[in-house]
There are 4 protein chains.
Amino acid sequence: MEPVTDRGWATRQRLLTAAERVFGEQDYFRASIGDIVREAGVGQGTFYLYFKSKLDCFRELVRWLGHELRAEVKQAGARAPSRIEVELAGFRAFFAFIERHRQAYRIVKQAETVDPAVYREYYERFAEGYRDAIAAAVDRREYAPYRHPEAVAYMLMGLGDFLGMRYLLWQEGPVPDAVFADLALFLRRALLAEPLDGAAARADGHSTPAVAASAVPATAGGDTE
Amino acid sequence: MEPVTDRGWATRQRLLTAAERVFGEQDYFRASIGDIVREAGVGQGTFYLYFKSKLDCFRELVRWLGHELRAEVKQAGARAPSRIEVELAGFRAFFAFIERHRQAYRIVKQAETVDPAVYREYYERFAEGYRDAIAAAVDRREYAPYRHPEAVAYMLMGLGDFLGMRYLLWQEGPVPDAVFADLALFLRRALLAEPLDGAAARADGHSTPAVAASAVPATAGGDTE
Amino acid sequence: MEPVTDRGWATRQRLLTAAERVFGEQDYFRASIGDIVREAGVGQGTFYLYFKSKLDCFRELVRWLGHELRAEVKQAGARAPSRIEVELAGFRAFFAFIERHRQAYRIVKQAETVDPAVYREYYERFAEGYRDAIAAAVDRREYAPYRHPEAVAYMLMGLGDFLGMRYLLWQEGPVPDAVFADLALFLRRALLAEPLDGAAARADGHSTPAVAASAVPATAGGDTE
Amino acid sequence: MEPVTDRGWATRQRLLTAAERVFGEQDYFRASIGDIVREAGVGQGTFYLYFKSKLDCFRELVRWLGHELRAEVKQAGARAPSRIEVELAGFRAFFAFIERHRQAYRIVKQAETVDPAVYREYYERFAEGYRDAIAAAVDRREYAPYRHPEAVAYMLMGLGDFLGMRYLLWQEGPVPDAVFADLALFLRRALLAEPLDGAAARADGHSTPAVAASAVPATAGGDTE
DNA sequence: AATGAATGAGAGTTCATTCAT
DNA sequence: GATGAATGAACTCTCATTCAT
């Protein structure tokens, strides 16, 4: 399964990339391995040199995508001055990621049908770091006193997921400003312990200035992997 | 496709019910029409008397489930004293619905892969009413000044969806109280124009009491069924 | 099978007419009984009140068409002054028949695949009368001394058949004049005992005048049924 | 669809040959692909490695048969001293071909029902060469002054077709001599510009000798194979 | 490492026919 | 006489996977 030569690794990667395109455009069940090898430009038998089965290949793909996305989200929040800013930067990174390859979203969603276990793994992976970071923000009084930070984590993921679906998948182009503004307002209100000051409350700005006020720097990290 | 006799209608219904069970337990692609007709106790050909294809049957099923769920949610919020209470009652009804037939959730989720069009239709249907109600609440100053009520609607749906997935699908039993409490707190804070009265609004209510206040049970009955 | 009431006969006829349309447009195998009953506007079960099977219905149809065509051809040649004129009139009638319902041609041709027996019956029926009439014309010295009139009959049928196919089926509109002229010239030369006089030999006229010269009146009749 | 190895080509040929046998014995619609692969001794799926569909296979077969027949007919007429002799040699070759594999005739005829387009293509292919050769013979005054050589081509094809059907398909053994003699007489009279020499041209040669004269055997060999 | 050939189980779908009403 | 429901056998076609080269 694991290639031993460089050539082998290259072929494997060609197959994964092809699979991303194929599973993104059609779907897991309608796409055939024939489609993948054709797209990758390799022979039919070659596929089984690198993947045990169609399902195995799909799983690898989902894991790889999850890995990439988590890395980008993490890196996006790295220099944010507060937890809420980490949150918002994360959403921005998430939206950007989807916009760059909308197929990724589709593929992950298919996992829910194709193999619930990887799907669950995917979100649990996200949720863990999320949950801890939120708990920390609550303890630190940056966030309101939520008792079940995991639930909050899932709420945040769900909310981002649906916005992505609605404004990136069902519609071309980036998330509209007004939408992002409402998202920011929504999150600040819901999460921050302190009531917002006037400007932010009127939802007329983007995200950055108003919140710099919330003194405590985010503990950062811990939100992914 | 449409039956003309009573006997025909009965058979059709038998098939739909069987399809719900079958598509819920296995999934669309792994389930065969043979499974459905066996479950329904009719002949193989009979299926095609009432559905143009496997996909057609699936679509009908999703529409039917959407219809039922919307009806229950609507009815749950019917006698709530304020919009925020309608919201919460709706979530309760949604959770109750899923708990009663978790298959429904699975089926709808499959639609995202099986037939994106019905899936979208399903949520757009929900979103419409939602969006208008939110816009009205904003106008009436019950809700904070969101400029893009549709975005808020999708956020709410997403957040409910993920909670359902996490606490009803991945786990037996009803949504834990603490989770619902956090949901309620989250929504009140995010949506209501006025800061919450009582401890919840203050950063010092961090230990427990604040939540007890927010977990106000939805006023009238009808929200669980 | 045979209806007993008038209403029954009407329904049967509706079915036959529908079958002609359906088998003409699609073909025997691709057309379903469902198509026929739908076209006829009767119930599915009704079909079997009048026909033992799909094949039975098809056979009836072919026989009926053969009957109609033979009648028209016979009648067309009734008043011709000589055998060769009967021949030409017959071809004209044949072409006219096909032009009026080109489906008939298609249906008969299908019989060759669907049920070789009816197909053969159809042509043998035609050939019998033909053969005898040709033999008589040979005896009477109107025609050249062919020793195997049946072979001549099949040659004539084949030649007409292919002209019909080429100029009526593959092309809209009636048989072009030049084609018919060549057909006439061809037949006169091939069949008539006497060499043609100048005019006809230059193939510049239609059919009538030149041949009136061949004195002996056709015995007529005997060419069909 | 196109094989790439030798083994592949061999398998494909096995399938085509099997298809000829199967479609010849049963017919296109009644024969199943199962019959073909069984006859060819390969797996069910193998069929689709070389043919897009049942219809595709049938089409290939018809084209192949047309190709073979045209080659034989052409070669048969290659050394004939005059156009009329080419004609007769062609008919002989045609009859010989059918006698050797009567299935071929049946298969082509089915095409009229199965796929009118290939059927038409089949005859148009034949007709083209035919038409030009006839036009040339007319120009050179070997043939009578037909103005529409294509029509003549179709008449010749039709006439041969029906003789083949009557005397080779409906009856065992080769075309009877008397039939071929009449065909030869018929064609010479119809086509040649000059009246036949000898008794045939005169109305009094009615008994037998005339035909002996017309049934001149086609000069060189190669006309039977 | 790479490949194209081969496979057979199984899928969805159609349809002539029967039957109870 | 007429009908719509019901049926199950049969069909074409797909595809993940194996294997010899």
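By convention in this document, chain letters (A, B, ...) are assigned in the order of the sequence lines, proteins followed by strands, and residues within each chain are numbered from 1. Since this is a predicted model, take the numbers as computed values, not measurements.
Residues forming a salt bridge (Lys or Arg N to Asp or Glu O under 4.0 Å) with C:K54 (at least two apart in sequence, or on another chain): none. In terms of the side chain to side chain donor-acceptor pair (under 3.5 Å) criterion, residue partners of D:E121 (sequence neighbours excluded) are, by chain and number, D:R63. For the side chain to side chain donor-acceptor pair (under 3.5 Å) test, residues two or more places apart in sequence or in another chain that qualify with A:Y119 are A:K109, A:E112. Shown here are the side chain to side chain contact (heavy atoms under 4.5 Å, CB included) partners of B:T5, two or more places apart in sequence or in another chain: B:R7. The salt bridge (Lys or Arg N to Asp or Glu O under 4.0 Å) search around D:R14 returns none, not counting sequence neighbours. Under the rule for a side chain to side chain donor-acceptor pair (under 3.5 Å), B:R106 has no partner lying at least two apart in sequence or in another chain. In terms of the side chain to side chain donor-acceptor pair (under 3.5 Å) criterion, residue partners of B:E124 (sequence neighbours excluded) are, by chain and number, B:R120.
Non-hydrogen atoms lying under 4.0 Å from DNA chain E are contributed by D:V42, D:G43, D:Q44, D:G45, D:T46, D:L49, D:Y50, all within residues 34-63 of chain D. Near DNA chain F, meaning a heavy atom under 4.0 Å away, there are no residues from residues 5-20 of chain D.
Residues A:L49 and A:T11 fail the side-chain proximity criterion, which asks for heavy atoms closer than 4.5 Å. A 4.5 Å side-chain heavy-atom check between C:F97 and C:H101 finds at least one atom pair inside the cut-off.
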Apply side-chain contact (heavy atoms from CB on, under 4.5 Å) to the pair B:F58 and B:I107, showing each step before the final yes or no. CA-CA 9 Å; B:F58 182 80; B:I107 291 169; 3.9 Å; yes
With side-chain contact (heavy atoms from CB on, under 4.5 Å) as the test, would you mind laying out the steps for B:F47 and B:V42 before giving the verdict? CA-CA 8 Å; B:F47 182 90; B:V42 302; 5.9 Å; no
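Every pair passing side-chain hydrogen bond (donor to acceptor under 3.5 Å, both in side chains) that includes a residue from residues 19-31 of chain D is listed here, sequence neighbours excluded: D:R21-D:E39, D:Q26-D:D35, D:D27-D:R30.
A:P3 comes within contact range of no nucleotide atom at all, as no heavy-atom separation falls under 4.0 Å.
On the nucleic acid side, DNA chain F has its first and last nucleotide under 4.0 Å of a heavy atom of chain C at F:dG1 to F:dA5, going 5' to 3'.
Judged by closest nucleotide on DNA chain F, B:V4 is the one of D:S32 and B:V4 placed further toward the 5' end.
Annotated stems with DNA chain E as a participant read E:2-21 with F:2-21, given as range with range, by first number; only runs of 3 or more Watson-Crick or G-U pairs under 3.5 Å qualify.
Looking only at distances, a side-chain donor or acceptor of D:Q110 sits under 3.5 Å from a matching main-chain atom of D:F23.
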